[in-house]
Every structure is written in C-alpha cells, then in structure tokens.
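Here is the structure we will look at.
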Amino acid sequence: MPGELLTLTLFGRYRAEAFAASTPQGELYRAWDLHNSRHIGLTLLPPEAVANPEAFKQLDVRVIPLKKIRHAGLLPFYGLAQDEKNTCLLEGWVDGPSLRDVLLSRPGQPLSVVETLAYAKALSATLDFLHLQGYVHAGICPERIHIEREGRIQLSGLGASKRSGEIDFQPASHPYAAPEQVHPARLSPAADIYALAALLFELLTGQPPVDELTNPRKLNPEIPDFLARLVLQGLSRLPTDRFASAGEFFLTLCMAAGLPAESIAERATHEQTPVTGHLLHTWHYLPPPLEVTSAPIPLRPLEKVLTASGAVPRRKIDFTRFIRPGLGLLLLIGAGLALWLVQPQTPTVTVTPQATSLNSPANALRPTAVPTLTLPPRPTETHGGTIVFTCSRGDFNQICMIRADGQNLQLLTNTTFSHNYYPAFAPGGQMVVFASNRNGTFDLYLLILESGNLSQLTNRIGNVLSPSFSPDGQKIVFANRAAEGPTSIWVIDKGGANPKLLYPAPNNVVAVAWSPDGATIAYAMSVDQPNEFQIFLMDADGRNHRRISQGLLGIGGSLAWSPDSRYLLIFAGPLGDKDIYRIDVATGDYLRLTSGGNNTAASYSPDGAQIVFNSLRNDGQADLYIMNADGSGLRQLTTHPEPDWQPRWEK
C-alpha cells in the first residue's frame, strides 16, 4: 500500500521521508541519502514489474546507459537498487510542486493556452532529446513533471524508460498511456507524443481525455479550433497518424494559437504561467540541510589555473548526475554500458574510416581525414606526465587534459548535445582515442594533440566504449554492442579499418585494457550480479580465458594495467563506498590501496610509482586525486566545480 516504506532505511542508506505520488512506474518517495546528505527520488517498483524474468532482464540492461543521459529537463537517474524485498529506481529530487499539484490547486479548471504551451515547450525539448538517444519515456504523467523554485520544468522517471523498438511486457493502464502500451507492442517516440497530447488535453480542459474522439472544445470553448484538432491528432490510435516529433507538435500548436514559439517562456513565470507561479510562491519548501564541515584536503595549484581561465570554483554539481556505478559508459557505464551485442557467428564488419561533419560549435574540434599514425616517441616530461580524463561541463561530458603537477588544464572537446567518454592515450601520449555519440551512436574518435586534428574511426558499428591501444599502437581493443546480445570485445586497426569481433562474450563486458607487454587483454564482465563485475584475462588473440578476481564484492567496471603488466587496478566495495584495489594477475591476490572516500577508475603513472583516481571524498563530488602506488601520499589534483573522472596517465 502507498506509504508503506515511510521511516524505513532501504539498502542501508536511503531513509524514506515522504510518500510523493503513485506513478505509472510505481510509488514515488522522497528519501534522504545518508551517504551523500541529500534528497533523492525513490520509486518502489511493483512486484509484477520484476516478477517477469524477461521484463526484469530488460530493466537491468536498460538502467546502465540511462545513468549517462543528461539534459536540463530530465532529473538525473542514479541507478537500480535491489534486495530480497524491494526493487527501487533512484533519481534526483526537485524541492517544489509537481504538475499534479498545479492541477489540484484548481480542481477541474483549465489552464490558459499560454500556460499550457509553456509546459509543451519544456517537455517537447526534453522528449526530443530523449528520443534522439534511442529511448521512449513511456511513463509521462502529471506526477512525473516537477517545477523547481526558479520555474524550471523537469521530467522524472528516466530510469523506467524503454528502448525505442522494445516491447513493453507490462501493459499500462494509466490515462496517458498510448494504445500500443495498453496492448503490448513495439514502442516508438509516438507513445510519448500520445502521452504529451493527453497531458495537454487535461491542462486545457481540466480533465484527462476519455478517448481520442472527445473534442476538447466541448469542455473548454475558449480553445482555438485548430489547436483542439491538433491535440486530437496527437491522440490518434495509430502511431503513424501522430506527429513526427514532440518539437513538431509544439511548433504546430504555437501556429494554431497564433503565437510565435520564441514568445513562449522556457520555464514557469508569473506572467505566462500565473497558476503555476502562484503555487511556487506559496509552496512550503524544505529547510536547507545542516552544513557538514570537515578538514579540507590542501588544494593543488590547479586553483590558480582555474582562476586564470575564468572558472571560479562554486558549489560543485552532484557527481552522480553524470556517472556511476563503474563510472563510465557503464558510463554507457559509470564505467559501463551493459548494452547488447552480436552472436559468435557474426561476420567481420569492414568500415572505411571517414571524416564526417560533426554537430558542434565553431570552436569545437573538427574531424579530418584519418591521419598517418607513425609518430616519433617523446621522453617522459619532468612535470610527471599528462592525465586525460572525462570532465562533465554543463549538461554534457567532455574530454579534458591536465599535467600531473596540476598545471595546464585543457578542454579537448566542446560538443553540444552529445557526450564524450572513455579517453585513452596512444603509446607516447601524442594521441587520444575516446567514445562520443555526436553522430547518434557511440563511435570512436582519434585526436592528434599537437595539430588538433580529429578523425572518426568507427562509423555506426554499434555503441562502443572503453578503448585501449595495443602497446605498439597498431590496434585498438574496445567493448561494443553491435546487435542483440551482450556487449562483447572488438578490435580495430589503428587508423579505423577492419573492425571485427574478437570475443563474443556470454555476458556484458564494460571495460577492456591491453597489457603493456602486449600479450594479454583484461576485461570486466558481469557474471552473477548484472551491475557487478568480475575480472578476466585472455590472450591477445581472444583465446585462453581465465578469471582472476576472487573474494571481492561490488567490483565496478574499470581496470588499468601497471607498466610492468604485473598488476591491475580495479575498484570494489559496497555501493557508495568503493575503494581502489590492486590485483596480482598471476596469483589473483589483491591489496586495498584506499580506505573511504568512494573511489573509482584508477590508472598508474607511466613509471608505476603513482596512481591517479576519481574520488567523492570532497563533499561527495567527483575530483581527481593522486597517491603513491602503495596508497600513501594522497593529494588532490583537480578542483573544478563539476565532475572529473575516468583518468588515464601517460608520459
């Protein structure tokens, strides 16, 4: 029954404080995260949602890449938590009213056309972005639409989104569900357009639609006739009869209302959304949490660099908005993605690498033809080498680089509406390979640091993650989901030619790394628990597989070799309390190198004397830290107010 979780502490860290609403996905609670001292949204899934093995399998696979999706109109999704009794989706929380609260403030009364269009504008932009990522929200309702104190309109429920083309095995019964959700069929963005139309019908009339034949003008004659007919078109039973996109729906509504689209505010304002504005003014907001103080770690000279570049530190953005668990594309994933892939009989795919026009601003890197990759070696720099890493800047993830002494912070990518993950140096440190979805799917890109030339190495062969160069620089191994099936291990020539399947993994591979001696490839693969991994080795030709991780719980999706190929760095431990471990690849013996701080994604320095890693020890936010190889001598490297993670170190 609703509210049954109140006062309970779930999974050892989330205290349910208030029942918020019943949603199509389950019961939504406001909960307090005891580890990070913040409020989160916690959705308790109904038993039937996880009882069907096929439905739960789909859910478990979906949630990993969903944690990587970031948009100003979407509340961040943090992941799935499960124990013997409960399965919950975790996400951000908005301290403010929901759209259901707005409707209840004037029961049965419509909103104005302009106020309705303000919601349509915010939601259509959010939905178009989500659809571009290949997902359907499939749970839009007034309870899932939140308005924060400053008027920004945000959509929750991202964690229950479905892949476009997926069959939803749980028939929907809420009044905003499209016909193809009531009688399970393959979902498309048209299902969200139906829900948006149903929502607009209710805003314009004060009542949800009974069927697609009831003209909203019968309930509210002040609605323009053309606009009313457009809402009914959005409620068409056939998906093909609805609008091609949510943005097209909004623009057509504006035309029908005789209003320029640019005149509609992008958030709730007292002038255009008076009902919402009044509720925001009278809403009882939560008091701010008590300030927690702790002894700060001395900051590195990077502060001076940030000040010189105009990046004045402010209160840091919550790291889990952008990553985890595993921290990385499991970030497609935190590291990981756990997507699906090819069967063993999948033939070799031959792709001719080509430069493409990237959708990025004028000052972003532009791709060129694939360069000649024979470059002279460079000596190790006196400042300790260079570290490349993923850096979350605004709503999207970029690639950054910094010297090991904290100087010369550089932004290597500056894309809009796309993410960049998993940077890795080529041997010698003159090139960086990374994954980016700037062309839709995640492909590999290669950046020449000296010239700034950028080349696209793969072209829609799947969704790639975790690239790693062979020590001679001739090949790149990476994880890839190319079709139905688990994410497996692929290899490609250094210039982007001949991508082929190296190992058709039985379960999802979320990280791969080529040993410095060239003989072995390590990989992290799910085995017993979908969101936890074990570490395996195989020969460089894809044969002779053996598991080396034993006795460690909660292993995440990241790994890196020591320069002598004797050890692997991984992270493991309970959720929210990960530590860095060193595994001896010959014996499987492991040594914990950190204690506390929630640490992930470590990498050795070129000489093996130090380790760089990501940690949340500074007020729960993601910074890079450096320590000696034995775990001593900890120092903070980056202090940017937004998350820095996935570091890789080269000379």
Side-chain angles (χ1 to χ4, degrees), residues 1-52 55-64 66-67 75-95 98 139 143-144 146 156-161 170 286-287 289-290 292 318-321 323-327 330 333-334 336 338 526 528-532 553-556 572-579 596-598 600 616 620:
M1 60 180 294
E4 65 182 23
L5 299 184
L6 288 179
T7 73
L8 296 180
T9 298
L10 303 175
F11 317 111
R13 93 179 256 186
Y14 305 110
R15 185 177 66 239
E17 291 186 339
F19 173 73
S22 292
T23 75
Q25 297 93 348
E27 298 173 9
L28 176 62
Y29 291 81
R30 185 188 78 226
W32 181 252
D33 183 346
L34 298 172
H35 287 193
N36 291 323
S37 299
R38 64 176 179 187
H39 284 107
I40 67 163
L42 184 151
T43 300
L44 174 65
L45 299 180
E48 59 269 20
V50 295
N52 183 324
F56 182 76
K57 177 181 177 182
Q58 288 185 344
L59 173 65
D60 188 58
V61 171
R62 279 196 310 265
V63 297
I64 296 176
L66 285 171
K67 289 185 291 185
L75 288 183
F77 173 57
Y78 298 148
L80 179 71
Q82 185 181 40
D83 58 19
E84 317 81 54
K85 296 182 179 180
N86 303 304
T87 302
C88 297
L89 300 174
L90 311 175
E91 62 186 335
W93 178 259
V94 170
D95 184 17
S98 69
E143 291 79 6
R144 283 297 187 188
H146 311 269
S156 69
L158 174 62
S161 298
Q170 291 297 124
L286 295 170
L290 295 176
V292 179
D318 185 0
F319 162 64
T320 53
R321 283 177 41 202
I323 56 182
R324 293 224 40 184
L327 196 67
L330 190 276
I333 278 89
S526 61
D528 303 317
Q529 299 294 325
N531 292 335
E532 295 184 1
L553 299 178
I555 296 177
L575 181 66
D577 190 21
K578 303 290 185 181
D579 278 306
N598 203 10
T600 61
L616 277 70

Would you say that [X] contacts [Y] through its side chain, given a criterion of any heavy-atom pair below 4.5 Å between the two side chains?
{"X": "Leu28", "Y": "Glu143", "result": "no"}
{"X": "Cys88", "Y": "Phe11", "result": "yes"}
{"X": "Leu80", "Y": "Thr87", "result": "yes"}
{"X": "Leu44", "Y": "Leu10", "result": "no"}

Practice item. Specify whether His146 and Trp93 have parallel, tilted or perpendicular ring planes, treating 30° as the upper limit for parallel and 60° as the lower limit for perpendicular. Key: tilted

Practice item. Any chance you could lay out the side chain to side chain contact (heavy atoms under 4.5 Å, CB included) test for Asp33 and Leu90, step after step, and finish with the verdict? Key: CA-CA 10 Å; Asp33 183 346; Leu90 311 175; over 6 Å; no

Point to revise | side chain to side chain contact (heavy atoms under 4.5 Å, CB included) assessment of Leu158 paired with Leu75 | key: CA-CA 7 Å; Leu158 174 62; Leu75 288 183; over 6 Å; no

Where do [X] and [Y] come nearest, in terms of heavy atoms and distance?
{"X": "Tyr29", "Y": "Ala16", "result": "CD2-CB, 4.3 Å"}
{"X": "Trp32", "Y": "Glu17", "result": "CB-OE2, 3.5 Å"}
{"X": "Gly139", "Y": "Pro24", "result": "O-CG, 4.0 Å"}

Check your understanding: Is a donor on one side and an acceptor on the other found under 3.5 Å between the side chain of Asp579 and the backbone of Asn598?
Key -> no

Check your understanding: Taking the side chain from Thr9 and the backbone from Gly12, do they hold a donor-acceptor pair closer than 3.5 Å?
Key -> no

Review point. If you measure only the distance, is there a donor-acceptor pair under 3.5 Å linking the side chains of Ser156 and Arg144?
Key: yes

**Study point:** Nearest-0.5 Å distance that lies between atom CZ in Arg15 and atom CZ in Arg30
**Key:** 10.0 Å

Check your understanding: What distance do Glu27 atom CD and Asn86 atom CG have between them, rounded to the nearest 0.5 Å?
Key -> 9.5 Å

